[in-house]
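Taking it in order: structure first as structure tokens, then the write-up.
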Amino acid sequence: MAEAEASVLYAVPAPGVARVTLNRPQRKNAQNVELLYALDAAFQRAARDPAVKVVILDAAGDTFSSGHDLSADADSPLEGFNLVGLWADFQAPGQEGQMGREWEIYLGLCERWRSLPKPTIAQVQGKCIAGGLMLAWVCDLIVAGETASFQDPVVAFGICGAEYFMHPFELGARRAKDWLFTSDWLSAEEARQVGMVSRVFPDAELAAETLSLAQRIAQKPLFALKMAKEAINQSQDAAGRRTALLQSFSIHQLCHSHWRSIHGVPVDPSGLPPKLREGIYDYFRKVEDGR
Ligand code: ZN
């Protein structure tokens with residue numbers, strides 16, 4: 001595949017800084033499986049290049065990421081990709097196949113990316129929705145353009161929240177509940193106030209300011225950066241982050257299983273706009289037929 005057509009781009013815009021770019025702007029950077037494993041390959045490349053000290057994750061187009069790709073190519077088989085876990089039998093009936101699939105492509109990949117032992121910066125412009133949040137949340141810093149906004153609307157269709165359930169850790173418990181219960185948008189400035197976003201820049205200056213920030217960080221000793229990251233990540237895990245994440249993932253699977261038992265599809269279609277509702281039925285019918 002030509003570089004210009006790749007779903008993830010890789011560049012070194014300054015010494016010590018790698019830039020990984022989500023490159024499906026025509027799909028609002030919705031995540032299909034191909035994009036997720038291309039992203040994993042790009043993160044591996046940055047991790048293994050001793051000249052890279054800081055990684056920026058940005059996105060082409062006007063949207064950081066619209067979430068999981070619920071279109072025709074989103075249910076592609078996982079076999080053939082470089083899987084990061086040992087879950088398998090992704091075509092198993094009931095909740096078994098879907099749980100294994102979501103463990104692999106959401107929880108497994110996200111936890112792996114969170115542990116990339118170099119500083120990572122998500123550079124968010126435009127909208128960041130549901131599954132899009134997981135790509136921002138795995139990064140160490142999130143910087144945003146002033147018109148960026150964040151939303152996880154999945155409660156509207158019967159699910160407790162996106163699979164990578166970092167909501168209470170990112171927003172605090174009460175704000176996270178308010179945000180999930182209402183499906184409201186969180187502005188860049190509101191996200192900064194709750195601590196989810198560390199810096200907000202004018203949209204036109206976002207890329208340059210993010211690169212400048214990355215270059216400042218890249219001046220520090222890499223080993224110290226790795227250890228600072230590790231110390232804070234371990235502090236979060238000592239406080240129960242990973243345990244809560246795994247429990248919330250199981251609750252997420254309970255939600256899918258509940259709606260599957262009632263509607264035959266793993267979400268509640270009644271909360272969706274009519275056009276999307278039909279699409280959801282068609283999509284999951286096709287997934288089920290493939291099993
Ligand atoms: Zn799910």
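First listed ligand is number 1; within each ligand, the first listed atom is number 1.
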| field | Heteroatom test (N, O or S) for H256 near the Zn ion (ligand 1), limit 2.8 Å | value | yes

| said: Pairing donors with acceptors under 3.5 angstrom, does anything connect the side chains of D40 and W113? | reply: yes

| Taking the six-membered ring where the residue is Trp, are the ring centres of F169 and W137 under 6.0 Å apart? | no

| field | R192 and E189 ion-paired at < 4.0 Å | value | yes

| Angle subtended at the Zn ion (ligand 1) by H252 NE2 and E102 OE1, rounded to 10 degrees | 90°

| task | Report the relative orientation of the aromatic rings in H252 and F249; use parallel for angles under 30°, tilted for 30 to 60°, perpendicular for over 60°. | result | parallel

| note | For the Zn ion (ligand 1), the nearest N/O/S atom on E163 is atom OE2

